[in-house]
Amino acid sequence: MKITSNFMTGIIGFALSVAYILASMSIPRPPGLTQDLLGSRSFPIAVGVLLCICSIIIAFLPETAEDAEEKAGKEGYLRSLPYVIIVALYILILPYLGAIIATTAAIFAMMNRMERNIWWKDLLLSATISIILWLLFDVMLKVSLPSGILG
Amino acid sequence: MNVFDLLMGGLANALQPENILAALIGCLLGTIVGILPGLGPSTTVALLIPVTFMLQADSSLIMMLAVYCGAMYGGSLTSILLKVPGEASSVMTSIDGYELAKQGRAGPTLAIAAIGSFIGGTLSVVALMLLAPPISGFALKFGPAEYVSLMLFALIISSTLIGNSLTKGLFAVGLGMGVAMIGTDLQSGVARLTFGVGHLLDGVDIIVAIIGVFGIGEVLHYLAKRRREDKEERLALKGKLMPTKEDVKQTAAPIARGSVIGFLAGVLPGSGSTLGSFIAYTVEKRLSKHPGKFGKGAIEGVASAETANNAATGGALVPLMTLGLPGSGTTAVLLGALMMYGVRPGPQMMTEQSPLMWTIIASLYVSNFLLLILNLPLIRFFVKILDVPTRILMPLILIFATIGAYSINGSINDVWLVLFFGIAGYIMRETGISPALFVLAMVLGEQLERSLRQAMYISKGSIAPFLTSPISLTLIIISIVVVFYDLYRRHKLKVRLIP
């Protein structure tokens, strides 16, 4: 049997839905005297069952041309991974380095990842974008962004 | 008070200087972000929600709806000049629009798209204004059982219309509702599915999920697909901008028909604007004396599709405003944003928040008008945005979405969540699971559960009210018929297997 991406989606979906049902079953039951017949757990369990049934059907769905059109495939996952890592690192350093430095670093890293250019020009551009974003959120929208070492 | 008096009251508020400014900024921002290749209206509205925070509630809502209208128009530029439709509803515009641009007629094509968008958008608001009061009045008769059936009906119909597979559609609905269940159950006070994470006790912020799924998810998907595709080549905007008399004559009837078709398609749950633009284009091709011209540069094709696309925005607001029911990803994003401001659209909104409701309706006229007077002279400026390199735009959008998520509650945990939902949104796109349905179900999940529990409480555990109420029964029967028809249709079409 050919392992299609639908099969993989179905298997992963099935595992997640079983986990969801188990987690829903651990939600405490309503006290005996309550009039709330469904309680807190019935609806989540029903949602889990829906996910479970759909996952099983998806696992055996044939791969269509429409599905393939939208896909970037394995290469796509690899191509997007560096950006995910950069955003994750950005979130990690944001409270310590502050919004301006962290944003400059993240934009510079992503721009370089997409296409190499003259480094100091990119750095200057990243810093400019970072300051504009800081002015928009911190000054105009009054959102206090982390100031980190600059604070 | 009659509709006219209510509208005048709304207009008086919508025409306050701060509200006109909000609409103007919303239109500009919506058009500019909507122009960016690969970003559709849902993403545009999601990304710009944090920017609306600086204003009063009514000005914020006006700005958000103006962003929605602007984003719908912005998509037409990329469709015509790059043949890169921001979302499915712009596909029909790109067919003839790009051909016309290749023939050196980009200017008049964009102008016709702007005029069609204005007429379609304005006429659909007229229809919204006339239909909203009677539908809201009717919806006041709805009890919890009717609401449950209505929400299930909307989710099932949307699952058949959005995406390529009903099963995947229902899976997306399950995922969205699954996330909506996280947090403290408001009826019993019990913490559900929080896995001991304190931040999740209040549930997952809908706006955070929306920014992640639409903003970050769409950019990651764009970046993942980018090198596989041909290099995007923008066609130049040369010569005259204004359409000729012949263009206006040729497009008058298609614009009128597109307005009606688009509005009606927009009212339906699911991909209203996509369906609307597709039907309007097909109708024009059928009615044309020269159907062979379609696909090779027929301005009627652009006019009908683009008008229907924008007329659907007013149509989609009918179920949203009167029943509290979003019919598409973009209206689900709007509902999420409205809820953030404590506004719960639905039949009560017509009576309890009538001034706000009519201000919003009146602001749609203002926004459509502003878009027309902005778009025609600013077309050359907007086109320049397409020249900004992707290597600057995409990192900017990713970081903007991340800071936007932080700005909602000032919480780093929300920023982690936005990244999580961004990755989830990307995986959904890769696996054919609709992000729009996910958001739709997430927005409706809590209300669906609450209504179901209320219905069961009232009926003492019996399902009879679902079957004895004529409204509920009709909705259930239609849902079942639609599901079986969809299965039959798909079976007949025979799925094209990959060799």
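Convention: sequence-line order gives letters A, B, ...; per-chain numbering from 1. Keep in mind the model is a prediction, meaning the values are calculated, not measured.
- For a residue to count as touching a neighbouring chain, one of its non-hydrogen atoms must lie under 4.5 Å from one of that chain's; by this rule A88(A) touches chain B with backbone and side chain alike.
- Contacts of V190(B) with chain A are made by side-chain atoms alone, with heavy-atom separations under 4.5 Å and no backbone atom involved.
- Both the backbone and the side chain of P50(B) come within contact range of chain A, each with at least one heavy atom under 4.5 Å from a heavy atom of that chain.
- Contact annotation for L61(A): only side-chain heavy atoms (C-beta onward) come within less than 4.5 Å of a heavy atom of chain B.
- Proximity to chain B involves both the backbone and the side chain of S24(A), based on heavy atoms less than 4.5 angstrom apart.
- Interatomic distance, CE of M177(B) versus CG of L440(B), reported as 10.0 Å (0.5 Å rounding).
- In this model, no donor atom of one side chain and acceptor atom of the other lie less than 3.5 Å apart for T9(A) and N6(A).
- Contacts of D138(A) with chain B are absent, with no heavy-atom separation under 4.5 Å from either backbone or side chain.
- Comparing I129(A), L136(A), I58(A), V49(A) by heavy-atom pairs within less than 4.5 Å of chain B, the highest count is held by I58(A).
- Note that CH2 of W134(A) is 13.0 Å distant from CE of M140(A), once rounded to the nearest 0.5 Å.
- Contact of L175(B) with chain A is made through backbone and side chain together, with heavy-atom distances under 4.5 Å.
- Only the side chain of I433(B) comes within contact range of chain A, with heavy atoms under 4.5 Å apart.
- Both the backbone and the side chain of T167(B) come within contact range of chain A, with heavy atoms under 4.5 Å apart.
- Interface remark: I53(A) contributes no atoms to any contact with chain B (heavy atom separation under 4.5 Å).
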TODO: Please report the C-alpha distance between T160(B) and D486(B) in whole Å, then the side-chain angles of each, then the deciding distance to 0.1 Å, and finally whether the side chain to side chain donor-acceptor pair (under 3.5 Å) criterion is met.
DONE: CA-CA 7 Å; T160(B) 60; D486(B) 189 71; 4.9 Å; no
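- For I86(A), no part sits under 4.5 Å from any heavy atom of chain B, backbone or side chain.
- If you measure heavy-atom distances from S5(A) to chain B, you find no contacts under 4.5 Å at all.
- No donor-acceptor contact under 3.5 angstrom links the side chains of T52(B) and S60(B), judged on distance only.
- The two residues L437(B) and S434(B) make their nearest non-hydrogen contact at N-OG, 3.0 Å.
- At a 4.5 Å heavy-atom cutoff, the contact between L220(B) and chain A is made by backbone and side-chain atoms alike.
- For L170(B), the parts lying under 4.5 angstrom from a heavy atom of chain A are both the backbone and the side chain.
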